Amino acid sequence: CNAPTSLTLVSHDRTTATVSWTAGGNETAWEMQLDNGQELVSANATTYTFTDLEPGSDHSVRVRAVCSETSHSGWSAALQFSTLGIADVEAALGISLYPNPASSVVAVEANEAVSLSVIDQSGRVVYSSESEATKHSVDVSQMAKGAYYVRLTGQSGTAVRKLVVK
């Protein structure tokens, strides 16, 4: 049987990567090799998601068809990719937090829908918005003066920004 073609990175984040490929023929099973490792990963579809990858790390994957119990195709061309690191998540989220320092209302904007939490120095959540939105307004007028952390979580990952209430 023929080797799979068009190995493509469909999506990736800090710890996962989804790849897909085009079958070389009528096969219904494939094996993948991640980072030239000895252990092969089996798949029964032309899409597979690798999990528990190290954030900000480089990887290589290739795939071959399982033609029979004792026969395989040749390997596809290798696909190189990197998982997202912290800087990538910050860039993807595109966070804007203003004014900072603040004494009344803080505007928080992101490139994608995010949930938001404000955490004090002792680690206590003092404000939380589970609604996923690209824009949030946080009233800090009743918060004690001091430093806080704003945690934003979206599809690209989680980022934390420092906020000073004056």
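All residue numbers refer to positions in the sequence shown, counting from 1. Note that the structure is predicted; figures quoted are calculated from it, not measured.
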When you look at Y149 and Q121, which way does the side chain to side chain contact (heavy atoms under 4.5 Å, CB included) test go after all the steps?
CA-CA 8 Å; Y149 297 98; Q121 292 287 358; 3.8 Å; yes
Same apolar cluster: [X] and [Y], side chain cutoff 4.5 Å:
X    : Y    : result
V61  : V41  : yes
V126 : V140 : yes
L34  : L9   : yes
L53  : Y48  : yes

Separation of [Y] [atom2] from [X] [atom1] (nearest 0.5 Å):
X    : Y    : atom1 : atom2 : value
T8   : F81  : OG1   : CZ    : 12.5 Å
D52  : T83  : CG    : OG1   : 12.0 Å
L93  : T158 : CG    : OG1   : 8.0 Å
W30  : T47  : CH2   : OG1   : 9.0 Å
Y127 : M143 : OH    : CE    : 8.0 Å
S131 : H136 : OG    : NE2   : 5.0 Å

Is the backbone of [Y] close enough, under 3.5 Å, to the side chain of [X] for a donor and an acceptor to pair up by distance?
X    : Y    : value
H12  : V19  : no
S76  : V63  : yes
S141 : S104 : no
S117 : V125 : no
E112 : S156 : yes
S96  : E109 : no
E27  : G24  : yes
S71  : S68  : no

Looking at every non-hydrogen atom in both residues, tell me the closest pair between [X] and [Y] and how far apart they are.
X    : Y    : answer
V105 : P99  : O-CD, 3.6 Å
A43  : W21  : CB-CH2, 4.1 Å
G94  : N111 : CA-ND2, 3.4 Å
G74  : R64  : O-CB, 3.5 Å
R62  : L7   : CA-CD2, 3.9 Å
S20  : V10  : OG-CG2, 3.4 Å

Kindly determine whether V150 and L116 satisfy side chain to side chain contact (heavy atoms under 4.5 Å, CB included), including the steps that lead there.
CA-CA 7 Å; V150 178; L116 177 146; 4.1 Å; yes
In a table with atom names and distances, give each donor-acceptor pair under 3.5 Å that connects a side chain of residues 159-166 to protein atoms at least two apart or in another chain.
| from | atom 1 | to | atom 2 | distance (Å) |
| --- | --- | --- | --- | --- |
| R161 | NE | E90 | OE1 | 3.3 |
| R161 | NH2 | E90 | OE1 | 3.1 |

Atom CZ of R14 with >12 non-hydrogen neighbours under 6.0 angstrom
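Atom CZ in R14 is crowded, with more than 12 foreign heavy atoms closer than 6.0 Å.
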Would you say Q80 has more than 12 foreign heavy atoms packed within less than 6.0 Å of its CD?
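Above 12, so yes.
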Modelled atom types, side-chain donor and acceptor of S60 and D35, under 3.5 Å:
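Judged by distance alone, the side chains do not pair up.
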